[in-house]
There are 4 protein chains.
Amino acid sequence: MTTPPSARPRVRATASKKRLFAASMQLLGARGPNAVSVDEIAQMAGVSKGTVYYNFGSKDEMIGQVLEFGADMLVAELDQAAANPKPREALRAMATIAVEFVEKYPSFAQIWISEQLRPESDWGDQITPVYSRVTSTLVEVLDRLVILAPEEKQPAATAIFGAALFSARMRTVSDNVADREATLNAVLYSVEGLLATHQHVVP
Amino acid sequence: MTTPPSARPRVRATASKKRLFAASMQLLGARGPNAVSVDEIAQMAGVSKGTVYYNFGSKDEMIGQVLEFGADMLVAELDQAAANPKPREALRAMATIAVEFVEKYPSFAQIWISEQLRPESDWGDQITPVYSRVTSTLVEVLDRLVILAPEEKQPAATAIFGAALFSARMRTVSDNVADREATLNAVLYSVEGLLATHQHVVP
Amino acid sequence: MTTPPSARPRVRATASKKRLFAASMQLLGARGPNAVSVDEIAQMAGVSKGTVYYNFGSKDEMIGQVLEFGADMLVAELDQAAANPKPREALRAMATIAVEFVEKYPSFAQIWISEQLRPESDWGDQITPVYSRVTSTLVEVLDRLVILAPEEKQPAATAIFGAALFSARMRTVSDNVADREATLNAVLYSVEGLLATHQHVVP
Amino acid sequence: MTTPPSARPRVRATASKKRLFAASMQLLGARGPNAVSVDEIAQMAGVSKGTVYYNFGSKDEMIGQVLEFGADMLVAELDQAAANPKPREALRAMATIAVEFVEKYPSFAQIWISEQLRPESDWGDQITPVYSRVTSTLVEVLDRLVILAPEEKQPAATAIFGAALFSARMRTVSDNVADREATLNAVLYSVEGLLATHQHVVP
DNA sequence: GATGAATGAGACTTCATTCAT
DNA sequence: GATGAATGAAGTCTCATTCAT
């Protein structure tokens, strides 16, 4: 209500909101939505529970915003890496970024991976985008590397994204943490496979 | 399993448990543990809630058993496919099986993918095994295909598993469902990549 | 149902019933009715839960019978001690018996002490008797010792009974277990008090 | 209800907790912990069940606090009566107080008497103190009356406490309620006994 | 802007009891 | 006589949400 007539309706972040954001990012990123209560977030943020509702209206809305924020962060970095004119290097950089991000916010990967499910995902509308935003970037880069039939593009990007996310996630869980280099190489075998089986864009 | 030799139908053995199993498999497979209540499962199975506790003791125990059952199912099929003497065909068969399984029990993939997280997963002990059981089979097959350094094996298998699971999962969600063939190919690019970058076992 | 036409309807105790009795006595005597489940009793007795209901009809009925049994045991011993022609010795013997009984079945004392309460005691009808049976015996003995006004009798017996039961109970809990002799003496001060303030039956 | 029309209703300070306290005191004091459900307490207090958990965290914690409160009440009164310079009068006053207290909160006596049992009483830590706090006061008073050997003190106090509690309790149950005077006298026979068998402090 | 007391739906679990075999 | 499977009422507790201040 009372939406500004024009200009950016930009949510003016109060101090409380910022603290809630930080706390959520940490808690959600570490344990996932279901395992974190509003009480806990409010407490870690040092505000009252009511403040959560004052600022976000609902838990789901808050999670959505946090998730969106995380997604923006990741996508921004990926897009930047994608800008590298050499597609192979771009891809390796992107994979590196993904692995590092997952290392830092383990649960985000989990959420993104898993919440694809819910037919009518509660706050899935803010989520699916991660997948599509990333794969569309991936497709662009792949297009600069090999010549793909239209129907091959999305599946290829999906496979790479899945391999990266899952591998990264396993690294954060497994005892015998594969060293990062090995993980990156494994993820990028897909790319080698594409190169081996498709015509290159630049000879 | 493996009903007594003596042939006695002995059917008395817990029809309720079977019904609970079926209901759980379906509900859990479709919505995940947190989104399903014991009430709901009992109701779908057509038994009282108490029966769940009579048969399983707790919700977690039940989920654990269902998950284990699903894992056994998948792993058994995969192992069978892995037996194919030609490793490339074995891998394609395995990928096909994975994709089909996920199609049938969408949430299982999600659970397996996502529940890697919980540091001390509640019923994770029955879960992580899926990952390790599958990757160890994968490693065996890969070993019959290309020559891999020890430290490359697990990451390679992990990447393939992740790509397969995630791609399969997306197929069940996405609107523009990639056709299965395209998905399989995309998943198997990793394998092509391995072949392209490593020495083959058999020339 | 199916009560024998005549003769004593004596409950013919089956083997199962005996085992249930033994188990109940032990469990109830150690933890009290509320803290013991029918499952537990049946298990300790090595019979099925259904057998409890076949033999007793209900948990309360079973508890009642067990409690009654314990009461009979105690009362029988007390009555025997009360037979001692010298009232003072009889009283000391009775106190000794009480203390020893409580030592052996701590929870019985507790139940008897505490379950006086329930206005409509669930199985209180089998219980209150302990108190009245004991105090009536006590009154008889006291009558042989001192001359009491009618209205003094019951309160005096009650006080002695309470002191004995409670003291005995504390001995089983307390760390610094008072030695039995000291406890007995303390309980019997009431008797000395009676002697000091009332006319003796025999000079 | 009965919300003050104006002025600062400032009563805001947990009126609910107070009401819960009152209701608990009454219900628990009348029927004991096991026979009272949280629902019932909440209902009698006119608050929601959730409020109980908001204020106390758990049923046990609430019971603990209520019991502690009751104990404090009783002990405070007893200590005051114990201050009477004439020990015999002090003792009679203490007995009177105990009897009256039990009359008012019948179940408290029961709980205190009975919960001595549980080896590791759930909330017994708040309970046992009643016994020791009272007996230590009793010992002090007795010391001002007669000369007792160290090892006689605790048992004597225990016997008196037991006699008083139990006698008082029986008065609230029994049909032929002994008149209070008779009960008091009976309880105090122990004291007479002590006087008759020990050297007096003051001749 | 913010708070914290209060709520109530709903989750999991226990357990005395019933009944067909 | 005995059993084991099944039940369902009742209990404790959690947590997202509301609202007066």
Side-chain angles (χ1 to χ4, degrees), chain A residues 12 14-17 20 33-34 36-42 46-63, chain B residues 12-17 19-20 34-42 45-62, chain C residues 12 14-17 20 33-34 36-42 46-63, chain D residues 3 8-17 19-20 34 36-42 45-62:
Chain A
R12 185 150 284 298
T14 64
S16 292
K17 193 164 187 174
L20 280 169
N34 290 325
V36 176
S37 72
V38 173
D39 274 284
E40 215 172 345
I41 293 173
V47 302
S48 81
K49 188 157 44 165
T51 302
V52 173
Y53 288 85
Y54 178 77
N55 281 290
F56 293 97
S58 77
K59 183 187 183 184
D60 282 352
E61 175 58 23
M62 184 194 213
I63 291 174
Chain B
R12 257 292 132 256
T14 331
S16 293
K17 193 164 187 174
R19 307 188 58 167
L20 280 169
N34 290 325
V36 175
S37 74
V38 173
D39 274 284
E40 214 173 345
I41 293 173
V47 301
S48 83
K49 192 167 24 170
T51 301
V52 173
Y53 289 87
Y54 177 74
N55 281 290
F56 293 97
S58 75
K59 184 187 183 183
D60 281 354
E61 175 59 23
M62 183 194 216
Chain C
R12 185 150 283 298
T14 64
S16 292
K17 193 164 186 175
L20 280 169
N34 290 325
V36 176
S37 72
V38 174
D39 275 283
E40 215 173 345
I41 293 172
V47 302
S48 81
K49 188 156 46 163
T51 302
V52 173
Y53 288 85
Y54 177 75
N55 280 289
F56 293 96
S58 77
K59 183 187 184 183
D60 282 352
E61 174 58 24
M62 184 194 213
I63 291 175
Chain D
T3 18
R8 288 218 220 129
R10 199 52 185 135
V11 197
R12 260 294 135 253
T14 330
S16 293
K17 193 165 188 174
R19 307 188 58 168
L20 280 170
N34 291 325
V36 176
S37 74
V38 173
D39 274 284
E40 213 172 347
I41 294 173
V47 302
S48 82
K49 194 168 18 173
T51 302
V52 173
Y53 289 88
Y54 176 74
N55 281 291
F56 294 96
S58 76
K59 183 187 183 183
D60 280 355
E61 174 59 24
M62 183 194 215

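Just so it is clear: chains get the letters A, B, ... in the order the sequence lines come, proteins before strands, and each one is counted from 1.
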Q | Per B:V47 side chain, nearest of listed nucleotides F:dT17, F:dT7, E:dA16 | A | F:dT7
Q.
Check whether D:F56 forms a cation-pi arrangement with D:K17 (NZ or CZ under 6.0 Å from the six-membered ring centre, at most 45° off the ring normal).
A. yes
Q.
Output the rounded distance in Å from CD (B:E61) to P (E:dT14).
A. 13 Å
(Q) If you assign C:G46 and D:S58 each to the DNA chain F nucleotide with the nearest heavy atom, which residue ends up on the more 5' nucleotide? (A) C:G46
Q) Any donor-acceptor pair under 3.5 Å joining the side chain of A:K49 to the base of E:dT3? A) no
Q. Between B:E40 (CD) and E:dA11 (P), how many Å, whole number?
A. 8 Å
Q: Grab the two heavy atoms, one from C:S16 and one from C:T51, that are nearest each other, plus how far apart they are.
A: CB-CG2, 3.8 Å
Q. Do you know which two heavy atoms are closest between C:V36 and C:K59, and how far apart they sit?
A. O-NZ, 2.8 Å
Q: Sort out the partner of E:dA11 for me: Watson-Crick or G-U wobble, both distances under 3.5 Å, none otherwise.
A: F:dT12
Q.
Testing the basics here: between C:I63 and C:P33, what is the closest heavy-atom pair and its distance to 0.1 Å?
A. CD1-CB, 3.7 Å
Q: Could you tell me whether the phosphate oxygens of E:dT14, OP1 or OP2, come under 4.0 Å of any side-chain nitrogen or oxygen in B:Y53?
A: no
Q: Counting heavy atoms from C-beta on, name the nucleotide in E:dG4, E:dC12, E:dA16 closest to the side chain of B:K59.
A: E:dC12
Q) What's the CG-C1' distance between C:N34 and F:dA10, to the nearest Å? A) 15 Å
**Q.** C:K17 NZ - F:dA2 P separation (whole Å)
**A.** 11 Å
Q) So, is C:T14 near the phosphate of F:dG1, with a side-chain N or O under 4.0 Å from OP1 or OP2? A) no
Q: Find out whether C:M62 and C:I41 are in side-chain contact, i.e. whether some heavy atom of one side chain is under 4.5 Å from a heavy atom of the other.
A: yes
Q. Rounded to the Å, how far apart are D:D60 CG and F:dG11 C1'?
A. 12 Å
Q. To the nearest angstrom, how far is C:Y54 atom OH from E:dA20 atom P?
A. 16 Å
Q) A:F56 CZ to E:dA2 P: how many Å, rounded? A) 11 Å
Q) Quick one: is E:dA6 close enough that its OP1 or OP2 comes under 4.0 Å of any side-chain N or O from D:S16? A) yes
Q: Take atom CE of B:M62 and atom C1' of E:dA11, then tell me their distance rounded to the nearest Å.
A: 15 Å
**Q.** Pairing partner (Watson-Crick or G-U wobble, both distances under 3.5 angstrom) of F:dA20
**A.** E:dT3
Q: Specify the residue among B:G50 and D:T51 whose closest nucleotide of DNA chain E lies further upstream toward the 5′ end.
A: D:T51
Q: By nearest nucleotide on DNA chain E, pick out whichever of D:N55 and C:V36 is the more 5' one.
A: D:N55
(Q) Heavy-atom nearest nucleotide on DNA chain F for D:D39 versus A:S37: which residue maps closer to 5'? (A) D:D39
